[in-house]
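All of these numbers come straight from a predicted model, not from anything done at the bench. We number each residue from 1, following the sequence as shown.
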Amino acid sequence: MAKKSFKNKIEKHAKIGLKNNGDSESNDGLSLPAPSLSFGGAIQAKLDDGHDLTSVDFKGDKDLEACFDGEKIIGIGSSGSSVLKIQKKLLDLGYQLPKYGADGVFGSETKTAIVAFQTANGLAPDGVIGKSTIGQLDSAKSSKPDSPKPEPKPGPEPPKPEPNPGPEPPKPEPKPDNSLTVEKAKEQIQNAASGWGTDENSIYDAIRRCNSRSGLSSDPHLMELIRDELSGGDLWKALFLLQYGDEANFPKAINKILDAASGWGTDENAIYKALEELTDPEKEQFKNMPYLWELLEDELNSEELQKAFSKVVGGYDYSAALQKHQKNIDDTKKVLEEMKVGSTKEKNTADWLDSSRTGGAKNILHIMTKTHDGTARANHFGHKDNKDAYVGNKDEFPNNTGYEESIDSKRNIDFIQRRTGGLHSGKHIWLFEPINNSSKMLLVHEVQHDADRHDDEPGHDKPAGSPEESINRYKSEFRAYWQDGRYDSTSDTDKPSPDDGWQNKRQKEIFDGMIRSGLYQHVADNFKKNEKVKGTPYKDIVKGYGSPEGVNLENSPRIDDFYLQLKNCNKKHSKFDENPLQKLKTLTENLNETDKIFINSIKAKSLQNLMKSNLDINPLEVITKIIGDGTKPTWV
């Protein structure tokens with residue numbers, strides 16, 4: 001048996017919890033009550049106890065009687081004659097099981113039909129068979145007639161009326177567009193993940209109907225939400241829907257592998273067989289399916305994984321992992337080249353990370369790639385807290401530093417929490433398993449954290465999570481989200497509603513997205529408590545921050561050089577033939593036109609104030625005239 005993520009499946013049920021008297025309710029992640037799920041052993045049902053099922057469909061079935069007595073739950077992963085009876089009853093009532101029919105296996109198709117029945121009958125739509133649901137099914141009447149009615153005998157045909165041409169029948173109305181924008185699809189996914197349970201079908205529906213699936217997959221926080229809410233077959237289905245749009249477009253082998261990975265165990269032989277049936281062109285296609293390999297890495301242990309890889313690439317071994325790392329590096333280099341001819345923020349970000357510029361790169365970029373035995377190696381060294389082994393953290397980008405094949409080696413290896421997206425800390429930026437359609441956005445976002453020098457702002461050194469520190473961090477994240485482009489389509493002028501205190505829809509959408517992601521609990525906590533920061537309520541500061549301002553919103557390495565040198569100046573310095581003013585003047589002359597436009601804008605107010613506080617009158621006039629192309633700016 002494979003090292004299946006069985007624990008994750010149990011924990012997911014525990015997150016939902018179960019009532020002792022039947023169907024599920026929130027249990028806040030606590031352990032399941034003893035009678036909730038049965039994995040073997042004696043059944044507690046008592047027949048003829050005055051509380052028995054009465055329909056011919058279910059009467060006398062011990063498992064179903066146990067459900068009716070509140071002593072058992074039947075759900076995903078269950079199988080046998082009791083499940084078969086439930087499926088037949090659902091079909092009899094008119095609920096569809098189009099793919100598998102009544103096969104005696106409780107899968108996602110059966111769960112969908114149960115949810116539909118529960119919804120139609122006013123029950124909690126939890127998709128499992130507990131006391132309330134089996135009782136309602138037991139009393140439900142078939143939608144089929146008891147006996148066929150006799151056909152009426154044909155009589156003489158009535159005379160046909162003369163044709164009477166009338167007005168043309170109305171043309172059918174065009175079918176309404178059922179697609180969702182990226183923002184609407186995100187909203188539906190976030191709603192499906194909220195509350196006491198996860199509505200997997202609503203997540204699938206949002207992905208299918210979204211008019212830009214790449215817009216979903218390029219949002220790392222949304223992807224983290226999907227990965228956090230779904231597990232096993234539910235997660236893989238969502239990821240393949242992101243890739244293919246609809247189940248009908250899945251390659252046949254994908255459907256077979258999904259079937260093999262569903263339920264409470266993994267059928268490794270079925271996976272091997274599906275991979276063996278691939279044609280050579282399909283094998284080439286499968287080599288570039290990251291979600292497929294992620295599925296296999298999660299479902300199979302190291303030995304089984306290598307066997308599976310050998311069916312496609314002749315053995316996914318040490319050398320193949322090194323090739324994958326090199327490809328991640330090459331892809332990122334290509335992205336940075338594209339950014340050099342992109343928007344101002346993209347050009348500046350590429351310059352910021354260019355190690356060949358004078359003074360070198362502003363941030364050290366690391367491309368992190370999982371090793372061929374990532375989870376197994378992490379477990380081998382005692383990292384059982386959802387970590388993987390990654391390579392790529394030892395040298396400045398670009399690099400292809402390798403690692404040793406042996407699972408006993410830690411050379412050039414870092415054990416890191418499994419994640420997608422990027423991370424910034426100090427002078428370092430990490431990209432994890434880069435995805436081309438999101439790499440640009442992630443790079444702009446992570447560089448923004450350093451470029452805006454928020455760590456120089458008041459409050460950054462206060463205790464983590466305190467109102468002062470939280471506001472500082474909130475403004476930094478808010479600026480990064482505003483600048484990275486993911487919210488460009490949201491209005492930054494229209495108010496979300498008349499009197500709610502928010503300045504514009506874009507501001508509100510960024511705040512809501514941060515809270516929904518679950519990654520900014522410090523913001524949610526302080527917003528709820530609404531404590532004061534220097535006499536101003538926390539909520540008022542957040543709502544009043546309608547658009548970002550800061551030292552360097554454009555990620556310009558030239559503005560950053562200027563800012564860092566300006567920090568070395570004070571009003572005692574007056575001679576431009578001596579440092580620090582001599583170097584400051586040179587760096588001012590190095591600013592390009594977009595740099596100067598930003599420095600003269602209202603968004604650069606903090607940088608303008610720093611110039612006025614650190615420079616005496618004459619040096620200030622010289623520096624600001626260079627920035628104003630010979631004219632002293634009005635803000636001076």
Side-chain angles (χ1 to χ4, degrees), residues 6 9-10 12-14 16-25 27 32-147 197 233 259 262-265:
F6 182 82
K9 290 180 176 289
I10 296 294
K12 187 179 178 191
H13 278 276
I16 297 173
L18 295 163
K19 295 179 183 177
N20 287 342
N21 68 341
D23 309 332
S24 65
E25 67 175 8
N27 203 34
L32 288 170
S36 299
L37 289 174
S38 175
F39 299 104
I43 296 174
Q44 302 294 318
K46 297 182 181 70
L47 297 175
D48 300 318
D49 61 357
H51 185 257
D52 299 320
L53 299 170
T54 58
S55 71
V56 293
D57 306 291
F58 303 143
K59 187 175 181 180
D61 186 298
K62 291 185 178 180
D63 282 334
L64 299 182
E65 292 286 357
C67 291
F68 195 42
D69 288 337
E71 297 168 343
K72 183 179 176 69
I73 288 290
I74 293 177
I76 291 283
S78 300
S79 61
S81 60
S82 299
V83 175
L84 184 65
K85 291 174 184 177
I86 290 167
Q87 291 171 327
K88 287 181 177 179
K89 182 74 171 186
L90 289 167
L91 291 170
D92 195 43
L93 293 171
Y95 294 91
Q96 300 299 308
L97 300 170
K99 189 173 181 180
Y100 300 108
D103 61 353
V105 178
F106 198 119
S108 58
E109 186 176 77
T110 302
K111 178 181 176 181
T112 299
I114 291 295
V115 168
F117 173 80
Q118 290 168 329
T119 302
N121 288 275
L123 301 172
D126 52 25
V128 298
I129 303 297
K131 179 178 179 179
S132 303
T133 301
I134 192 62
Q136 198 75 30
L137 280 168
D138 185 57
S139 60
K141 300 298 182 184
S142 170
S143 62
K144 298 177 182 178
D146 292 330
S147 58
D259 288 343
S262 64
W264 296 104

Item to complete: Evaluate the side-chain proximity of Ile86 to Ile114: yes if any heavy-atom separation is below 4.5 Å, no if none is.
Response: yes

Response to the item:
d(Asp92 CG, Leu137 CG) to nearest 0.5 Å is 11.0 Å

Discussion item. For Lys62, is there any backbone N or O sitting under 3.5 Å from a side-chain donor or acceptor partner on Lys72?
Written reply: no

Item to complete: With rounding to the nearest 0.5 Å, note down the distance linking CG in Asp63 to CD1 in Ile134.
Response: 10.5 Å

Item to complete: Grab the two heavy atoms, one from Leu64 and one from Phe58, that are nearest each other, plus how far apart they are.
Response: CD1-CD2, 3.3 Å

Item to complete: Quick one: list whatever passes side chain to side chain contact (heavy atoms under 4.5 Å, CB included) with Gln136, sequence neighbours left out.
Response: Phe117, Asn121, Leu123

Practice prompt. Apply side-chain hydrogen bond (donor to acceptor under 3.5 Å, both in side chains) to Ser55 and list each qualifying residue two or more places apart in sequence or on a separate chain.
Written response: Asp138

Item to complete: Identify the heavy atoms of Asp57 and Lys85 that sit nearest to each other, and give their distance.
Response: O-CD, 3.6 Å

Worksheet item: Is a side-chain donor or acceptor of Glu65 paired with a backbone partner of Asp52 at a separation under 3.5 angstrom?
Response: no

Worksheet item: Partners of Ala113 by side chain to side chain contact (heavy atoms under 4.5 Å, CB included), sequence neighbours excluded?
Response: Leu90, Tyr95, Leu97

Practice prompt. Please report the shortest heavy-atom distance between Ser82 and Asp61, naming the atom on each side.
Written response: OG-OD1, 2.8 Å

Practice prompt. Tell me, please, which residues at least two apart from Lys59 pass side chain to side chain contact (heavy atoms under 4.5 Å, CB included).
Written response: none

